[in-house]
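Have a look at the structure below, then the notes.
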Amino acid sequence: MKKIISLTIMSLAIAQATMAQDTYKNNLLTGTTDINGTARYVGMGGAVGALGGEISGISNNPAGIGGFSRSWASIGMGATIQAATPIDGDSRAQYSFDHIGFVVALPNDDNRFNFAVNLQKKLHFSHSLIANNYNVGGLSQAAELAGLMSYYYNAYTTNDRDGVKSLPSLAYGSGLYDIYDDVGDMLQYKTETCSYLRTTTGNLYALDFNASGAVNNRFFWGVTLGVDIMSYRSTASYLEERQGYFNNSPLPQYGIQDYTLGTNYKVRGAGFNFKVGTIICPIEENPFRFGIAIETPTWYSLKQQDVNITLSSKWNNQGWNEEHGNYDYNGYDEGPYRGYYDYTTDSNGGYMEYNVHTPWKFRVSLADVHAGIVAWDLEYEYALNNFTKMGYPTSESNRWQDQSVTTDQDKEMNAMTKDISRGVHNVRFGLEVLPTEHLAVRAGYNFYSKPYTSSAKFSQFIDSFAMNKVTGTDFMNLGATNIFTFGLGYHIKGFYANVAYKYRMQKGDFYAFNPDYQLNRESGHPLLNQDANQFITEATSLRPVEVNLDRHDITFTLGYEF
């Protein structure tokens with residue numbers, strides 16, 4: 001009977017679950033620490049802020065479009081190859097449409113007015129991640145869920161389902177742990193290893209509309225309206241292998257359940273931003289120049305929906321047995337739910353709308369051209385990542401029934417973002433050399449600082465609406481990013497062919513769960529009914545899995561000047 005009740009509770013929990021967004025996932029979807037665009041732009045490391053005359057600079061410094069003296073059109077494709085070994089069945093290489101755009105130049109001697117439209121890839125989400133941890137020292141995702149369940153146990157036992165977070169409710173209803181009073185014997189758990197696999201696909205594209213101009217060919221100005229279009233899908237699986245103890249004695253093999261939690265979800269939506277910039281040549285008859293640009297936050301309106309949630313576990317223990325007066329780890333229940341259990345549901349009802357406001361970005365740049373043969377550009381950008389905001393759209397109406405939509409800020413999530421994130425510094429350098437009349441050689445370098453503090457963790461003990469829907473516990477603290485680029489270009493009679501190679505280097509510390517519940521039981525959380533001895537812990541900290549996020553990119557662009 002207990003089993004049937006548990007399964008019923010589990011099915012209700014799954015049906016309501018949603019892979020909710022949080023600080024880490026918001027940064028994954030919107031944190032643009034990368035260079036994408038035309039092959040010339042990529043080959044120069046994206047450093048064209050003061051140099052101008054490059055269509056992909058439309059999103060960097062809009063004033064650069066004012067540097068076009070003739071109209072221009074171009075299109076490009078690319079390929080990404082991840083350095084790390086992919087999951088079996090996943091491809092190491094992914095192909096993408098990188099760019100298409102045009103510039104219409106209306107010259108009038110040294111003064112001109114230009115406008116441009118450009119569609120280009122900002123982020124490429126395709127990646128295959130393997131994070132196996134063979135030294136967790138007894139620490140467990142199930143223990144984190146048990147702590148959350150204890151936190152909400154009163155609401156759960158009084159059938160206040162709205163007061164219970166979905167993930168711990170799902171796990172408790174599935175028998176991954178039990179909530180105890182301080183009576184009787186109990187089954188103990190010690191986690192041996194855990195494994196996490198994730199495949200992500202999709203892209204973030206930017207559609208930019210620009211108006212720009214030049215005055216006396218020494219002062220350039222520009223404004224850009226950017227529309228971002230996002231499509232993201234994630235399929236993940238977490239496996240936890242546990243050893244069981246009863247009265248401090250190890251259980252027989254298969255005496256307790258290992259379990260696998262799988263999720264499959266997608267995020268789609270759009271956002272908009274504005275960029276304004278200027279380029280100034282302060283010395284007459286001298287090509288030296290400097291640029292200044294400001295980018296507003298991108299206001300994203302996103303929709304997410306779980307496609308599938310699967311929980312698989314071994315049901316060889318049955319919980320506390322009132323009749324026998326001890327913990328029934330041998331499984332007296334010979335009913336249909338004995339043994340291996342697999343539950344899958346299509347949760348199309350798990351739908352949530354939310355808003356994300358990315359940080360302000362400020363850019364300054366310097367550039368020079370020597371004898372019409374060598375050009376260089378140096379740029380600095382600062383992004384206020386710790387001020388990223390998340391909220392939820394709400395509709396309001398007055399007595400005349402006029403509808404308006406506002407954003408209900410998620411104060412707890414925003415506070416966590418501010419606490420664990422920090423501003424990101426970006427330094428770009430680009431070089432272009434013309435050894436012959438028709439050939440160009442390019443090189444570039446980018447550095448992005450770490451987006452998180454050294455002690456950053458994903459805590460679900462916050463009063464956030466998103467946490468009421470979350471079905472995952474993983475997070476990754478990203479390291480600094482270094483990008484090296486090289487490019488070649490050839491042009492003749494208005495036709496341009498460019499190719500660029502990019503090597504993006506980044507590491508990440510991956511955590512499958514937050515171990516604070518086990519390691520800091522006296523941290524102030526009101527652990528109502530969870531016995532402190534249920535999880536046997538040897539480790540004093542959770543060692544992260546270092547993930548290799550390095551990848552190689554090749555971009556090819558064709559252009560025509562007319």
What pairs of residues pass the ring-ring contact (aromatic ring centres under 6.0 Å, His included) test when at least one of them lies in residues 267-290, not counting sequence neighbours? Phe272-Trp299

Under the rule for salt bridge (Lys or Arg N to Asp or Glu O under 4.0 Å), what residues qualify as partners of Arg504, not counting sequence neighbours? Asp34

Close side-chain approach of Met77 to Tyr95, heavy-atom, < 4.5 Å: no

Full working for side-chain contact (heavy atoms from CB on, under 4.5 Å) between Thr201 and Gln94: CA-CA 9 Å; Thr201 58; Gln94 301 288 336; 5.8 Å; no

Do Met390 and Thr417 come within less than 4.5 Å of each other through their side chains, counting heavy atoms only? no

Looking only at heavy atoms, the pair that brings Leu119 and Phe97 closest together is CD2-CE2, 4.3 Å

Can you confirm whether Ser301 sits close enough to Glu353 that some side-chain heavy atom of one is under 4.5 Å from a side-chain heavy atom of the other? no

Between Trp72 and the options Phe115, Phe495, Tyr496, the ring-ring contact (aromatic ring centres under 6.0 Å, His included) test singles out Tyr496

Is it the case that the side chain of Thr358 and the backbone of Thr298 share a donor-acceptor pair, with hydrogens and angles ignored and the cut-off at 3.5 Å? yes

Any Lys/Arg nitrogen of Lys507 or Glu546 sitting under 4.0 Å from an Asp/Glu carboxylate oxygen of the other? no

Which pairs with one or both residues in residues 71-99 pass salt bridge (Lys or Arg N to Asp or Glu O under 4.0 Å), sequence neighbours excluded? Asp98-Lys121

Run the side-chain contact (heavy atoms from CB on, under 4.5 Å) test on Arg422 and Asn385 for me, step by step, so that the C-alpha distance in whole Å, both residues' side-chain angles and the decisive distance to 0.1 Å come before the verdict. CA-CA 6 Å; Arg422 56 186 178 187; Asn385 274 25; over 6 Å; no

Could you pull out the closest heavy-atom pair between Ala47 and Asp377, with the gap in Å? O-CB, 3.1 Å

Note: Asp368 and Leu51 closest approach over all heavy atoms is O-CD1, 4.4 Å

How far does CD of Glu381 sit from OG1 of Thr33, to the nearest 0.5 angstrom? 10.0 Å

Does Asp550 reach the main-chain N or O of Gln506 with its side chain, forming a donor-acceptor pair under 3.5 Å? yes

Quick one: are the ring centres of Tyr511 and Phe458 less than 6.0 Å apart? no

Rounded distance (nearest 0.5 Å) linking atom CG of Asn355 with atom CG of Leu302: 7.5 Å

Between Trp376 and Phe429, how do the two ring planes meet: parallel, tilted or perpendicular, split at 30° and 60°? parallel

With no hydrogens and no angle check, is any side-chain donor or acceptor of Arg289 less than 3.5 Å from a backbone partner on Pro287? yes

Checking Arg218 side chain against Cys281 main chain: does a donor-acceptor pair fall under 3.5 Å? yes

Which atom of Arg70 lies closest to which atom of Phe562, heavy atoms considered: CB-O, 3.6 Å

Is there a side chain to side chain donor-acceptor pair (under 3.5 Å) between Asn36 and Tyr41 once you walk through the steps? CA-CA 8 Å; Asn36 291 289; Tyr41 180 78; over 6 Å; no

Pairing donors with acceptors under 3.5 angstrom, does anything connect the side chains of Ser464 and Asp410? yes

Does the ring centre of Tyr445 sit less than 6.0 Å away from the ring centre of Phe484? yes

State whether the side chain of Arg551 and the backbone N or O of Ile81 hold a donor-acceptor pair below 3.5 Å, judged by distance alone. no

Close side-chain approach of Asn118 and Asn210, heavy atoms under 4.5 Å: no

Between OH of Tyr205 and CD1 of Ile229, what distance do you get to the nearest 0.5 Å? 10.0 Å

State, yes or no, whether a side-chain contact exists between Leu204 and Tyr300 at a heavy-atom distance under 4.5 Å. yes

Backbone N or O of Ala293 within a donor-acceptor pair of the Asn61 side chain at under 3.5 Å? no

Determine whether the side chains of Thr80 and Asp553 contain a donor N or O and an acceptor N or O closer than 3.5 Å. yes

Hey, does the side chain of Ser71 reach the backbone of Ala105 with a donor-acceptor pair shorter than 3.5 angstrom? yes

Kindly determine whether Gln82 and Ser128 satisfy side chain to side chain donor-acceptor pair (under 3.5 Å), including the steps that lead there. CA-CA 8 Å; Gln82 72 174 57; Ser128 182; 4.8 Å; no

Working note: Ile130 + Ile87, criterion side-chain contact (heavy atoms from CB on, under 4.5 Å); need CA distance, chi angles, decisive distance, verdict. CA-CA 7 Å; Ile130 302 175; Ile87 300 171; 3.7 Å; yes

So CZ of Phe362 and CD1 of Ile294: to nearest 0.5 Å the spacing works out to 6.0 Å

Please check: side-chain N/O of Arg112 versus main-chain N/O of Phe68, any donor-acceptor pairing under 3.5 Å? yes

Kindly determine whether Asn273 and Thr296 satisfy side chain to side chain donor-acceptor pair (under 3.5 Å), including the steps that lead there. CA-CA 6 Å; Asn273 59 55; Thr296 71; 5.3 Å; no

Side chain Thr485, main chain Gly43, donor-acceptor under 3.5 Å: yes

How long is the span from the NZ atom in Lys361 to the CG atom in Asn426, to the nearest 0.5 Å? 8.5 Å

To check you understand the geometry: which heavy-atom pair defines the closest contact between Gly49 and Asn60, and what is its length? N-ND2, 3.9 Å

Note: Gly37 and Thr555 closest approach over all heavy atoms is O-CG2, 3.6 Å

Verdict with reasoning, Tyr265 to Val267, per side-chain contact (heavy atoms from CB on, under 4.5 Å): CA-CA 7 Å; Tyr265 73 101; Val267 177; 3.9 Å; yes

May I ask you to test the Ser421-Tyr452 pair for a side-chain heavy-atom distance under 4.5 Å? yes

Are the side chains of Phe475 and Asn477 in touch, meaning some heavy atoms are under 4.5 Å apart? yes

Point-to-point distance, once rounded to the nearest 0.5 Å, from CG of Asn27 to OG1 of Thr32: 9.5 Å

Short question: side chain of Ser365, backbone of Leu378 - any donor-acceptor pair under 3.5 Å? no

Is there a side-chain contact between Phe125 and Arg233 in this structure, where contact means two heavy atoms from C-beta onward sitting under 4.5 Å apart? no

